[in-house]
Participant: 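First the structure, then my questions, so here it is.
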Amino acid sequence: MQKEYRTISEVVGALMLVNQVEGVKYDELVEIVQEDGSIRRGKVLEVNGDRALVQLFEGSQGLRVSTAKARFMGRSIELDVAPDMLGRVFDGMGKPKDGGPALIPEKHLNINGNPMNPAARDYPSEFIQTGVSAIDGLNTLVRGQKLPVFSGSGLPHAQLAAQIARQAKVLGSDEKFAVVFAAVGITFEEADFFISDFRKTGAIERTVTFINLANDPAIERIATPRMAITAAEYLAYDLGMHVLVIMTDITNYAEALREISAARKEVPGRRGYPGYMYTDLATMYERAGRIRDNKGSITMIPILSMPEDDVTHPIPDLTGYITEGQIILSRDLYRKGLTPPINVLPSLSRLKDKGIGKGKTREDHADTMNQLFSAYSRGKDAKELAVILGDAALSDTDKLYAKFADAFEEQYISQGYYTNRTIEETLDLGWKLLGILPRTELKRIRDAYLDKYYHPAE
């Protein structure tokens, strides 16, 4: 039920105060109708007695308060969904941006969604192949998981995001696979990179893309990730697809949250971010997962650039609490020219043990993964020792570990953005590198697997 009011009393920036309102609800959609018939949209941020505080999506420039009227729509922001969404590009508010026809909606869904019943959740257990060895082999992504990528400004997280969107698939599954890609607060150049990359490689056919540019209003940044997750829920639970949601950059989302919080004069929390940021991020991340007796599922990869590469910054810190691990990009590896520069030692996938092994990847996966971690860590220690004391201080075994660490970085981690390795190729490459070390050093691998796969390097 729509109600109209000519009682707009005050406008400050993108905030507007409407007096003498009745029955208005938090988060309700508002249309501001001007004298010439043009319409601006906003949403209710706060209701206090008979006064409603409205946040405008397009800003208030050129708005005449004396003649404008506020129309309360009686519903929250909704997204029109239909199977034809695949292959389309939308703006941050769900309107087509690719010059194609408007969507004929099958449903109108509230972008805030409904919380998933914890008792209805199914445990993530199926392996997703991204084609990136550092993820597949060592920090495996499992279907229904939330696995963020922690990056830094200037690091190539955009290329990694595009690579995962192009290459990811569920092995041996007959279910349809779709990617929902949400770009939040990015530049026009970055948006152009993603769209042209998806078009060039054909990945756009199975992708729904939402793009919110850096010059779009801050309030739109709050809506864009929720638009993407709503589209994913429709594809997963209504159409039975497996959906991978990639969101970049969550830092821009959190900055918008802080900006709106400051405009509302809320008491700031850590580093000026609102105290409810943990809850707010959780309302997005927790919409990923699997539901029992439903073929569809949502796997999520949020990407965020850590301010000053600080992993204790509130955004990565809170994200790490809510999600099941993290993939960390390293500036040191990037300077060495490794692509993608994934630092595997502090990276972690808490569900990797559930998605690997016989029938999922290969029976030797868990053992080789543990051995590669151990050998790479010892090799890095050996190299650091050599820097301080010189090569002469290293034992012959330490020199082999140092050699292994170099080969591991150059061949296993660094594979470029257009190499799509199968899990077999990744595991075989791991065995080839372990061949640098004598068999007696491989204490984390069962003898049966060593007999079958181990070949010493020539």
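Not measured: the values here are computed from a predicted model. By convention here, the first residue in the shown sequence is residue 1.
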Participant: I'd like to know if the side chain of S196 and the backbone of D192 have a donor-acceptor N/O pair within less than 3.5 Å.
Facilitator: yes

Participant: Test your reading of the model: is there a side-chain donor-acceptor pair from S377 to the backbone of F373, 3.5 Å cut-off?
Facilitator: no

Participant: Is R290 salt-bridged to E126, cutoff N-O under 4.0 Å?
Facilitator: yes

Participant: Are R271 and D310 close enough for a salt bridge, meaning some N to O gap below 4.0 Å?
Facilitator: yes

Participant: Check for a donor-acceptor pair, side chain of S347 on one end and backbone N or O of I328 on the other, with a separation under 3.5 Å.
Facilitator: yes

Participant: List in chain and number order the residues that pass salt bridge (charged side-chain N to carboxylate O under 4.0 Å, His left out) with R88, two or more places apart in sequence or in another chain; answer none if no residue qualifies.
Facilitator: D98

Participant: Return yes when atom NZ of K295 has more than 12 non-hydrogen atoms of other residues, nucleotides or ligands closer than 6.0 Å, and no otherwise.
Facilitator: no

Participant: Is it the case that T251 and D249 place a side-chain donor and acceptor less than 3.5 Å from each other?
Facilitator: yes

Participant: Listed by chain and number, what are the ring-ring contact (aromatic ring centres under 6.0 Å, His included) partners of Y273, not counting sequence neighbours?
Facilitator: H313

Participant: Among residues at least two apart in sequence or on other chains, which ones pass salt bridge (charged side-chain N to carboxylate O under 4.0 Å, His left out) with K383?
Facilitator: D406

Participant: Does the Q415 side chain pair with the main chain of A134, one donor and one acceptor, at a distance under 3.5 Å?
Facilitator: no

Participant: What is the ring orientation for H242 with F177, classed by angle as parallel under 30°, tilted 30 to 60°, or perpendicular over 60°?
Facilitator: tilted

Participant: G94 and L79: which non-hydrogen atoms are nearest, and at how many Å?
Facilitator: CA-CD1, 3.9 Å

Participant: Around atom CG of L389, are there more than 12 heavy atoms from other residues, nucleotides or ligands closer than 6.0 Å?
Facilitator: yes

Participant: When you check the gap from the basic side-chain N to the acidic O, do D451 and R439 get nearer than 4.0 Å?
Facilitator: yes

Participant: Closest approach of G92 and N212, non-hydrogen atoms and distance?
Facilitator: CA-CB, 4.2 Å

Participant: Between K452 and D364 (salt bridge meaning N to carboxylate O under 4.0 Å), is one present in this structure?
Facilitator: no

Participant: Does the E205 side chain pair with the main chain of G202, one donor and one acceptor, at a distance under 3.5 Å?
Facilitator: no

Participant: Does K360 pair with D353 as a salt bridge, N-O distance under 4.0 Å?
Facilitator: no

Participant: Residues in salt bridge (charged side-chain N to carboxylate O under 4.0 Å, His left out) with D91, at least two apart?
Facilitator: none

Participant: Would you say the side chain of V81 lies within less than 4.5 Å of the side chain of D238, judging by non-hydrogen atoms?
Facilitator: no

Participant: Between M306 and V311, what is the shortest heavy-atom contact and its length?
Facilitator: SD-CA, 3.6 Å

Participant: Pick out which of N420, T207, D197 makes a side chain to side chain donor-acceptor pair (under 3.5 Å) with R166.
Facilitator: D197

Participant: Are more than 12 heavy atoms from other residues, nucleotides or ligands located less than 6.0 Å from atom CZ of F188?
Facilitator: no

Participant: Would you give the length of the straight line joining atom CD1 of I135 to atom OG1 of T130, rounded to the nearest 0.5 angstrom?
Facilitator: 4.5 Å

Participant: My understanding is that only residues two or more places apart in sequence, or in another chain, count here; which of them pass salt bridge (charged side-chain N to carboxylate O under 4.0 Å, His left out) with K399?
Facilitator: none

Participant: Evaluate the criterion side-chain contact (heavy atoms from CB on, under 4.5 Å) for residue pair Y449 and W431; output intermediate values, then yes/no.
Facilitator: CA-CA 10 Å; Y449 301 152; W431 278 107; 4.2 Å; yes

Participant: So, T230 and R287: side-chain donor and acceptor under 3.5 Å apart, yes or no?
Facilitator: yes

Participant: Could you tell me whether a side-chain N or O of R221 sits under 3.5 Å from a main-chain N or O of A214, the two making a donor and an acceptor?
Facilitator: yes

Participant: So how far is it from N370 CG to L442 CG, rounded to the nearest 0.5 Å?
Facilitator: 12.5 Å

Participant: Could you pull out all residues at least two apart from F198 that satisfy ring-ring contact (aromatic ring centres under 6.0 Å, His included)?
Facilitator: F181

Participant: How far does CZ of R446 sit from CG of D367, to the nearest 0.5 angstrom?
Facilitator: 4.5 Å

Participant: Compute whether any side-chain donor of one residue and acceptor of the other, for D280 and Y253, lie under 3.5 angstrom apart.
Facilitator: yes

Participant: Ignoring hydrogens and angles, tell me if any N or O in the side chain of R350 forms a donor-acceptor pair with the backbone of T323 under 3.5 Å.
Facilitator: yes

Participant: Whether the side chain of E363 engages the backbone of K358 through a donor-acceptor N/O pair (distance < 3.5 Å, no angle test) should be reported.
Facilitator: no

Participant: Between F150 and P346, is any pair of side-chain heavy atoms under 4.5 Å apart?
Facilitator: no

Participant: Verify whether one side chain among Y412 and R421 offers a donor that lies under 3.5 Å from an acceptor in the other.
Facilitator: no

Participant: Looking at CG of L348 and CG of L147, how far apart are the two atoms once the value is rounded to the nearest 0.5 Å?
Facilitator: 8.5 Å

Participant: Spell out, as yes or no, whether a donor-acceptor pair under 3.5 Å connects the side chain of Q129 to the backbone of I423.
Facilitator: yes

Participant: Applying the side chain to side chain donor-acceptor pair (under 3.5 Å) criterion to S349, which one of Q145, Q326, E324 satisfies it?
Facilitator: Q145

Participant: Any donor-acceptor pair under 3.5 Å linking the side-chain atoms of D27 with those of S76?
Facilitator: no

Participant: Give a yes or no on whether a salt bridge exists between R121 and E286, defined as a side-chain N under 4.0 angstrom from a carboxylate O.
Facilitator: yes

Participant: Apply side-chain contact (heavy atoms from CB on, under 4.5 Å) to the pair Y453 and R362, showing each step before the final yes or no.
Facilitator: CA-CA 12 Å; Y453 296 106; R362 207 166 72 186; 3.6 Å; yes

Participant: Check for a donor-acceptor pair, side chain of S414 on one end and backbone N or O of T339 on the other, with a separation under 3.5 Å.
Facilitator: yes

